[in-house]
Protein chains: 2
Amino acid sequence: MLDIGVTNSNDKNHKVKGRTSSGPTIEDVVARVSDLIKQERLGPGDRLPPERELAKQLGVSRPSLRTGLRALSSMGLLKSRQGSGTYVADGTPTLDSEPLRLLAALHGFSVVHMFEARSILEVGAAGLAAEHATPEQLATLAEEIAEMYAALGDPQQYLVHDVRFHRAVAAASGSPMLATLIEMVSSVLYERRRETVERKHDFRGSLDLHQQVYRAIRARQPEEARAAMREHLLRAQQAFARECEAEIPAQVSEDSKVQNVGV
Amino acid sequence: MLDIGVTNSNDKNHKVKGRTSSGPTIEDVVARVSDLIKQERLGPGDRLPPERELAKQLGVSRPSLRTGLRALSSMGLLKSRQGSGTYVADGTPTLDSEPLRLLAALHGFSVVHMFEARSILEVGAAGLAAEHATPEQLATLAEEIAEMYAALGDPQQYLVHDVRFHRAVAAASGSPMLATLIEMVSSVLYERRRETVERKHDFRGSLDLHQQVYRAIRARQPEEARAAMREHLLRAQQAFARECEAEIPAQVSEDSKVQNVGV
DNA sequence: CGACAGATAATGGTTTAACCGATGACGCGA
DNA sequence: TCGCGTCATCGGTTAAACCATTATCTGTCG
């Protein structure tokens with residue numbers, strides 16, 4: 001069992017919020033659990049104390065504690081399993097991309113902007129991958145390429161391995177933070193791509209460029225890897241734009257985008 | 001007042017949410033409020049109905065509703081003001097960077113990785129800014145440069161305008177999503193920089209490179225802007241690394257911080 | 001008639017208490 | 001020894017109530 005350092009102030013009953021800064025009680029919970037993570041008293045996969053106990057230790061009510069934990073869960077940092085417990089998220093470092101998705105919807109980020117951001121991130125990742133990729137990571141890249149060949153006739157399946165290839169490039173960059181960001185942006189874009197992918201893509205051309213990216217990474221040629229990735233994403237964006245245009249005539253009123261000025 | 005489309009199922013008492021997935025009630029709340037945003041029935045600055053009323057409309061209890069709203073707040077998408085109401089976040093599109101900060105702490109992202117990610121993002125932003133910056137944005141950039149000159153003797157103040165300059169470059173890129181990502185990454189890094197900035201920086205050299213970035217953007221020279229930004233961030237990273245190395249020997253007992261969790 | 005101040009209502013913030021459903025371990029029996 | 005059922009544990013949800021802050025209304029005074 002994990003015992004939080006400070007047993008809280010249950011020495012007395014006085015719930016005196018004096019100024020234990022308990023103004024925002026729930027923010028308090030988030031902050032203190034966060035501290036536990038920052039101090040490495042909690043690591044990926046660790047189990048938190050039961051809610052009732054943790055609530056006592058932190059000196060807050062269970063609903064307040066729950067709200068705080070739920071906030072952390074919605075960030076993708078905790079996972080709760082009823083009847084079992086609450087655990088720190090393990091596995092690949094990932095943030096829930098729903099917030100970014102909502103922010104995009106709220107401010108009307110255009111697909112072009114998302115492709116721009118994705119391109120910048122992934123081109124950078126390709127360059128780093130060419131410098132840092134391990135043999136295992138190279139093997140993973142090769143495998144996904146092979147799977148893509150095998151799935152040339154199955155758009156949905158092809159897209160699956162397409163996504164995995166890009167994810168593998170991100171991982172091969174050796175920069176987990178970069179991989180996290182790419183995952184978030186791609187996830188937002190993916191939702192929109194999935195809808196249009198049924199139509200015929202230029203799969204062969206797409207696959208060729210994937211191959212070029214892979215070869216450049218394997219050959220430790222950062223600039224070539226970046227160029228190939230840039231070219232690939234540029235074409236993907238153009239293909240997406242064509243598909244949308246071909247489809248948009250039905251989707252008129254763009255007036256809804258009035259608010260997209262954002263920034 | 002905003003009336004949610006589906007007045008819910010209060011026709012009967014049966015709390016049956018049909019398949020509105022009566023399972024995770026709170027996820028339901030998040031999903032349905034998210035939908036309101038996606039459907040543009042809610043825009044930046046809009047006020048949500050009072051909690052008690054919204055809870056009735058959605059057919060959930062107030063605590064559940066609150067937990068859902070709190071989750072959205074912790075993402076940085078809603079803002080609650082006691083006595084007033086709950087509002088959709090307005091202003092510059094921003095996500096709370098605390099989640100990223102925690103993820104970094106949890107998986108031990110190194111500062112090097114963060115600088116890598118930041119460099120990739122900001123170099124890309126500088127390139128886009130050179131292509132898209134508006135006259136107003138150029139003016140903002142020039143102002144921040146001027147403020148930095150004025151603050152050469154005041155490290156804290158200098159850093160403020162340094163940050164603002166980079167933020168302005170991100171805004172000038174014309175890609176709000178890119179700006180959002182940069183803000184998140186920078187925010188995580190900033191926390192660590194603030195601590196070491198007191199020591200003497202090579203402000204003049206830093207300022208010169210900022211100038212180069214600005215001039216390249218104004219001259220519509222994307223490649224030059226990228227190169228200058230890359231060089232600037234590279235030096236900043238090196239300077240940071242030097243400071244850390246020079247300082248680490250002194251950082252002994254961190255154990256004193258264990259107990260001060262009292263917040 | 002207008003401006004200020006206090007009262008009042010509305011709203012988010014928090015807690016207590018209770019019940020439900022899922023999970024998993026323990027022990028009993030075959 | 002293995003399998004199954006029971007039961008304690010744990011998260012999930014709700015209801016009701018109270019507190020603190022804010023906004024608004026109202027009445028009085030200048």
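Hydrogens, waters and symmetry mates play no part in the numbers below; they use all other heavy atoms, side chains included. Naming convention: chains lettered A, B, ... in sequence-line order (proteins, then strands); numbering from 1 in each chain.
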Rounded to whole Å, please give me the gap between [atom1] in [X] and [atom2] in [N].
{"X": "Leu69(A)", "N": "dC10(D)", "atom1": "CG", "atom2": "P", "value": "14 Å"}
{"X": "Lys79(B)", "N": "dG13(C)", "atom1": "NZ", "atom2": "P", "value": "12 Å"}
{"X": "Leu65(A)", "N": "dG12(D)", "atom1": "CG", "atom2": "P", "value": "11 Å"}
{"X": "Glu53(B)", "N": "dT11(C)", "atom1": "CD", "atom2": "C1'", "value": "12 Å"}
{"X": "Ile26(B)", "N": "dG21(C)", "atom1": "CD1", "atom2": "P", "value": "17 Å"}
{"X": "Arg52(B)", "N": "dG12(C)", "atom1": "CZ", "atom2": "C1'", "value": "7 Å"}
{"X": "Lys56(B)", "N": "dT14(D)", "atom1": "NZ", "atom2": "P", "value": "16 Å"}
{"X": "Leu54(A)", "N": "dG11(D)", "atom1": "CG", "atom2": "P", "value": "9 Å"}

Have a look at [X] and say if it touches a base, only the backbone sugar-phosphate, or nothing, with a 4.0 Å heavy-atom cut-off.
{"X": "Arg81(A)", "result": "sugar-phosphate"}
{"X": "Pro63(A)", "result": "base"}
{"X": "Thr86(A)", "result": "sugar-phosphate"}

For Ala170(A) and Ala125(A), which heavy atoms make the closest approach, and how far apart are they? CA-CB, 4.3 Å
Where do Glu116(B) and Leu178(A) land on the side chain to side chain contact (heavy atoms under 4.5 Å, CB included) test, with the steps shown first? CA-CA 8 Å; Glu116(B) 268 178 3; Leu178(A) 192 55; over 6 Å; no
Backbone of Ala171(A) reached by a side-chain donor or acceptor of Gln137(A) within 3.5 Å: yes
For the side chain of Asp154(A) and the backbone of Ala151(A), is there at least one donor-acceptor N/O pair under 3.5 Å apart? no
Note: Arg101(B)-Glu98(B) ion pair, threshold 4.0 Å (strictly below): yes
Is it true that Glu27(B) and Arg32(B) have a side-chain N and a carboxylate O under 4.0 angstrom from each other? no
[options]: which one has an atom nearest the side-chain heavy atoms of [X]?
{"X": "Ser61(A)", "options": "dA20(D), dG24(C), dT15(C)", "answer": "dT15(C)"}
{"X": "Glu51(B)", "options": "dT14(C), dG12(C), dT22(D)", "answer": "dG12(C)"}
{"X": "Arg62(B)", "options": "dA23(D), dG12(D), dA17(D)", "answer": "dA17(D)"}
{"X": "Ser64(A)", "options": "dT13(D), dT15(C), dG12(D)", "answer": "dT15(C)"}

Per the side chain to side chain donor-acceptor pair (under 3.5 Å) rule, which among His166(B), Glu144(B), Glu143(B) passes with His161(B)? Glu144(B)
Ignoring hydrogens and angles, does a donor from either the side chain of [X] or the base of [N] sit under 3.5 Å from an acceptor on the other?
{"X": "Arg66(B)", "N": "dG12(C)", "answer": "no"}
{"X": "Gln82(A)", "N": "dG21(C)", "answer": "yes"}
{"X": "Arg70(B)", "N": "dG12(C)", "answer": "no"}

Short side-chain N/O contact to dT13(D) OP1/OP2 from Thr25(B), under 4.0 Å: yes
Along DNA chain C (nearest heavy atom to each residue), the more 5'-positioned of Gly83(B) and Gly83(A): Gly83(B)
Bracket notation of DNA chain C in which parentheses pair within the strand, [ ] cross earlier pairs, and | pairs with another strand (Watson-Crick or G-U, under 3.5 Å): ||||||||||||||||||||||||||||||
Around atom NZ of Lys79(A), are there more than 12 heavy atoms of other residues, nucleotides or ligands at under 6.0 Å? no
